[in-house]
Structure formats: C-alpha cells, structure tokens
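Structure first, commentary second.
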Amino acid sequence: MPLREQVTFAGDTAKLAGHLFLPDTAGTDDAVPVSGVVVAGTWTSVKEQMADRYAEELARRGFAALSFDFTGYGESGGEPRDFESPELKVRDLRAAADFLTGHPAVSDSNLGALGVCAGAMYVSAFAAQDSRVRSLALVAPWLHDRRICEENYGGPEGVEAKKAAATEARRRYEETGEVAYVPVVSGSDPDAAMPFDIDFYLNPQRGGIPQWPNRFAVMAWTGWLDFDAVALAPQVTAPVLLVHSEDAAIPDGARRFHDDLAGSKHFVWTEGTQFDFYDQSPQVSFAADAAAEHFARTL
C-alpha cells in the first residue's frame with residue numbers, strides 16, 4: 001500500500017494543505033528518491049474528490065504524488081473561500097512543486113504534473129511558465145477558449161451576462177466583504193455554475209462529500225471565462241499525454257490544444273463520460289496506467 005503523509009506548505013498568500021502519497025518502498029533504508037508528480041483536480045474541487053485518487057494510483061505505480069487543496073478551498077487557508085482563480089491556482093502549483101521537489105523522498109530533477117478536467121488547464125499553464133515540469137498528463141481535460149466558453153455558456157450574450165454578474169459581485173465584495181455565491185452544481189437553480197443534476201457532485205458516496213461545500217463565488221466568472229487554455233499549447237514544450245473520450249467534456253478543445261503543442265505529444269482515446277474519469281473503474285485505472293507509463297518514459 002502507498003504511504004500517505006498529511007503535509008502543509010506555504011503558498012503565496014496562505015498555508016496550503018495536502019496529501020503526499022509515496023511508494024511503499026519509500027520508508028526503507030535503501031530507498032532512492034523517486035520522480036514526483038503534482039496532481040490537480042477539477043475546478044472548485046477539494047483534494048478528496050479526485051486528486052487524492054490519482055495521487056494514490058500514481059504512488060502504487062512507483063511515483064511520489066502530491067494532491068492538495070488550492071488557496072481558499074478545503075483545508076487550505078486563504079480568503080475569499082471557494083473562489084476559482086486560474087492565476088492563483090497556477091501560483092499554488094508552483095508552491096506545490098517547490099515543496100515536492102524539496103522532499104527527501106523525491107528527485108528534485110524529475111517533476112511531472114497531472115491535471116483532471118480543468119486541472120489540465122492549470123497544470124498546462126504552470127508547465128508553460130516553469131521549466132522544472134518535464135512531463136504532463138491530462139485526464140479528461142477541459143481546455144477552453146472564448147469560442148468554447150460561448151458554446152457552453154449561452155453564446156456571447158451568456159458569457160457577457162456572467163461577466164457582468166461577476167463585476168457586480170466583485171464591487172459588492174470590495175465594498176462590504178460579502179461574497180456572493182451560487183451552487184457549483186444544481187439541477188434546479190439555473191444560476192448554478194453547472195446547472196445540471198450531476199450524480200458525482202450530488203451523491204455523498206462519490207463527490208458530494210462534507211469537505212466540498214458546493215458553492216461558487218460569482219465574482220470568479222471573469223477569470224474563468226477569460227482564461228484561454230488553448231492558446232497555451234504552443235508554449236508547452238514538455239511531453240504531453242492526453243487521455244479522453246468522445247463522450248467526455250469538450251473533446252474539440254482537447255484536439256485543438258493537442259494540435260498546437262510544441263513538444264512531443266500522445267493522445268489516447270477511450271470510453272466513458274466526464275465524471276467516470278473522476279472515480280469510476282475502469283476509467284481511473286486506465287488513465288492512471290497510461291499516465292504512469294508516460295511519466296516512466298519522460299521523467
């Protein structure tokens with residue numbers, strides 16, 4: 001069984017909490033440092049929902065893997081809470097890499113990153129900025145630009161309406177300190193960030209866990225909608241693996257990102273819905289196997 005350490009480390013603005021998963025050989029006297037992988041889960045998520053799962057699977061396959069709560073989420077510090085900021089999440093990934101590569105069980109020169117869903121956008125942005133990232137694995141990647149946002153959020157008018165709501169929510173926050181929230185997921189609230197009845201997020205046996213409050217800060221819409229992940233591709237020179245399905249979210253964005261990548265790249269297509277890749281078999285084990293093989297070749 002992999003070893004799990006509860007860890008904390010310093011982010012830019014707050015103390016961050018994480019789980020470091022190590023191969024079961026890490027505690028032996030003759031253990032040598034192993035390659036490390038930083039794992040990022042979906043937008044709005046906490047580490048227990050899917051990042052822990054992938055980190056543990058990687059540790060089973062011989063890697064040191066760090067899952068953690070981003071600033072303002074879960075057990076990590078930071079205000080405002082549950083505020084989705086791509087820019088801040090990229091900075092948090094840099095802090096996570098600093099911690100991971102400084103750990104005695106981890107090789108400081110063999111660093112990879114794995115992102116699930118929107119985590120793929122964040123680890124790609126991190127890799128584009130930080131040459132320490134030598135390999136990327138993107139699982140069921142959500143990779144959007146303005147066109148994809150318009151296709152998914154009600155056209156140009158829908159995007160602008162959300163950004164207008166974000167501007168008003170930001171004004172209110174700056175004047176009063178109050179954060180306007182909507183549900184992340186709801187089958188009955190049309191203002192929810194994902195206005196659908198999604199079992200993964202609403203089922204307490206899956207992702208509807210106590211650590212995740214199911215709320216989205218309205219003022220975060222602008223940063224989310226203006227983030228262009230597809231445009232990052234030419235800046236990513238590390239080898240990239242993408243694992244996706246035609247039945248998962250926005251495969252067109254993943255294709256366009258893949259086509260524009262600057263370095264070596266490999267696309268693996270399989271079956272399953274977006275949410276199957278978060279916690280279901282065989283999708284998780286398939287993706288973890290592919291990621292481990294990719295990291296073994298490229299780290």
Residue pairs meeting salt bridge (Lys or Arg N to Asp or Glu O under 4.0 Å), one or both in residues 208-218, sequence neighbours left out, come to Asp82-Arg215
Less than 4.0 angstrom from a charged side-chain N to a carboxylate O is my criterion; do Asp199 and Arg206 meet it? yes
Between Ser45 and Tyr73 the two heavy atoms that sit nearest each other are O-CD2, 4.0 Å
Taking the basic N atoms (NZ, or NE/NH1/NH2) and the acidic carboxylate oxygens, is any pair closer than 4.0 Å for Glu48 and Arg4? no
Ser76 side chain to Gly72 backbone, donor-acceptor under 3.5 Å: no
Intermediate values then yes/no, side-chain hydrogen bond (donor to acceptor under 3.5 Å, both in side chains), Tyr201 and Thr42: CA-CA 11 Å; Tyr201 288 107; Thr42 67; 3.3 Å; yes
Residues Ala40 and Leu93: closest non-hydrogen pair is CB-CD2, 4.3 Å
Separation between CH2 (Trp142) and NE2 (His244), nearest 0.5 Å, reads 9.5 Å
Would you check if the side chain of Gln274 reaches a backbone N or O of Ala249 as a donor-acceptor pair within less than 3.5 Å? yes
Name all pairs fulfilling the salt bridge (Lys or Arg N to Asp or Glu O under 4.0 Å) condition that reach into residues 108-123, sequence neighbours left out, sorted by first residue then second. none
Please identify each residue that fulfils side chain to side chain contact (heavy atoms under 4.5 Å, CB included) with Thr167, with sequence neighbours left out. none
Cation-pi, Tyr122 ring and Lys89 (6.0 angstrom, 45 degrees): no
So does Arg61 pair up with Glu293, basic N to acidic O under 4.0 Å? no
Would you please name every residue forming a side chain to side chain contact (heavy atoms under 4.5 Å, CB included) with Glu175, sequence neighbours left out? Arg171
Residue list, side-chain hydrogen bond (donor to acceptor under 3.5 Å, both in side chains) with Ser245, at least two apart or on another chain: none
Quick one: does NZ or CZ of Lys163 land under 6.0 Å from the six-membered ring centre of Trp221, within 45 degrees of the ring axis? no
In a table with atom names and distances, give each donor-acceptor pair under 3.5 Å that connects a side chain of residues 258-271 to protein atoms at least two apart or in another chain.
| unit_1 | atom_1 | unit_2 | atom_2 | d |
| --- | --- | --- | --- | --- |
| Lys265 | NZ | His258 | O | 2.9 |
| Lys265 | NZ | Asp259 | O | 3.2 |

Under 3.5 Å, is there a donor on one side chain and an acceptor on the other for Thr273 and Asp247? no
Would you call the rings of Phe63 and Phe295 parallel, tilted or perpendicular, where under 30° means parallel and over 60° means perpendicular? perpendicular
Residue Glu87 excluded, over 12 heavy atoms near CD under 6.0 Å: no
Distance, nearest 0.5 Å, that separates CD1 of Ile148 from CZ of Phe257: 11.5 Å
Ionic contact status for Asp69 with Lys15, cut-off 4.0 Å: no
Note: Arg60-Glu56 ion pair, threshold 4.0 Å (strictly below): yes
